[in-house]
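Here the structure is a predicted model, which is why all the values come from computation and not from measurement. This chain uses plain numbering: 1 for the first residue, then up along the sequence.
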Amino acid sequence: MKIRSARSLFWLIATIVTVVLVVLFKYREYRCQNSFGAEFNARRKALQVPIIPPDWPVYHKGDGYTIWMQPKHAKGHGYKQVVYDGCELDAEQDNYYFSAKPDQDTVLEADQLYQNSHRKINSATFTFRQGDHVDTITRQKADSILAANKIDRDY
């Protein structure tokens with residue numbers, strides 16, 4: 001009988017420890033999830049990273065990322081994905097569209113990688129896609145393309 005009680009006690013303790021570890025992991029993962037939304041826009045402006053416009057709803061939240069999208073298809077800044085690891089911001093991706101069509105064949109993508117425990121410096125990459133043709137371009141070229149198409153940069 002004592003062996004059975006010891007086994008039961010062991011499994012009870014193991015279950016409690018497992019539950020506590022899962023709760024702590026999820027807490028670490030989600031406690032700062034809402035820190036990188038519109039409330040982070042002042043920092044984005046200082047870094048010249050596109051902001052999240054105040055009228056954009058959250059489109060999707062997943063483990064380690066949140067996506068915002070413009071409420072309706074329109075020309076301009078239409079998509080932002082923010083990637084984080086717990087309370088550490090990792091990256092952002094912004095897409096600019098050149099028409100109001102649901103299917104876009106021309107997209108300017110701005111990717112921002114943040115300095116954190118995995119990366120020593122901030123960096124930005126700009127990609128311009130027209131159909132099947134994709135070019136990596138400079139920030140100045142991206143700004144020029146957006147200005148020529150009368151699209152606000154949002155930064």
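- For Glu88 (side chain) and Gly86 (main-chain N/O), no donor-acceptor pair under 3.5 Å exists by modelled atom type.
- The shortest heavy-atom contact between Cys87 and Phe36 is O-CZ, 3.6 Å.
- For the side chain to side chain contact (heavy atoms under 4.5 Å, CB included) test, residues two or more places apart in sequence or in another chain that qualify with Val58 are Lys61, Thr66, Trp68.
- No path of Ile, Leu, Val, Met, Phe, Trp and Tyr side chains, each step under 4.5 Å between heavy atoms, connects Leu113 with Val83, placing them in separate hydrophobic clusters.
- Screening residues 139-155 for salt bridge (Lys or Arg N to Asp or Glu O under 4.0 Å) gives Asp143-Arg153 as the qualifying pairs, with residues at least two apart or on separate chains.
- In terms of heavy-atom proximity, Lys80 sits nearest to Ile51 at CE-O, 3.8 Å.
- Counting heavy atoms from C-beta outward, His77 and Trp56 have side chains that approach closer than 4.5 Å.
- Of all the heavy atoms in Ala38 and Ile52, the pair that sits closest is N-CD1, 4.0 Å.
- Criterion: ILVMFWY side-chain heavy atoms under 4.5 Å apart, direct or through other members. Under it, Phe128 and Val107 are not part of a common hydrophobic cluster.
- Between His73 and Gln70, the closest heavy-atom pair is C-OE1, 4.3 Å.
- Side-chain contact between Gln104 and Lys101 is present, with at least one heavy-atom pair separated by less than 4.5 Å.
- Heavy atoms from other residues, nucleotides or ligands lying under 6.0 Å from CZ of Arg119 number more than 12.
- A 4.5 Å side-chain heavy-atom check between Tyr155 and Gln112 finds every atom pair outside the cut-off.
- Nearest heavy-atom pair, Tyr97 versus Ala74, reported as atom, atom and distance to 0.1 Å: CB-O, 4.1 Å.
- Here Gln81 contributes atom CD and His60 contributes atom NE2; the two are 9.0 Å apart, rounded to the nearest 0.5 Å.
- A donor-acceptor contact shorter than 3.5 Å is absent between the side chain of Asn95 and the backbone of Glu109.
- Legend: residues meeting side chain to side chain contact (heavy atoms under 4.5 Å, CB included) with Asn149, ordered by chain and number and at least two apart, are Lys75, Phe98, Ile145, Ile151.
- In plain terms, the two heavy atoms of Tyr84 and Gly62 that are nearest each other are OH-O, 4.2 Å.
- Two residues are said to be in side-chain contact when any heavy atoms from C-beta on lie closer than 4.5 Å; Tyr59 and Tyr79 fail this criterion.
- With contacts defined as side-chain heavy-atom distances shorter than 4.5 Å, the pair Asp85/Asp90 does not qualify.
- For the pair Ile137 and Leu108, the minimum side-chain heavy-atom distance is below 4.5 Å.
- With respect to Tyr114, the side chain to side chain contact (heavy atoms under 4.5 Å, CB included) criterion is satisfied by exactly one of Leu47, Ile121, Val82: Leu47.
- Contact annotation: the side chain of Gln93 never approaches that of Thr127 to less than 4.5 Å [non-hydrogen atoms, C-beta and beyond].
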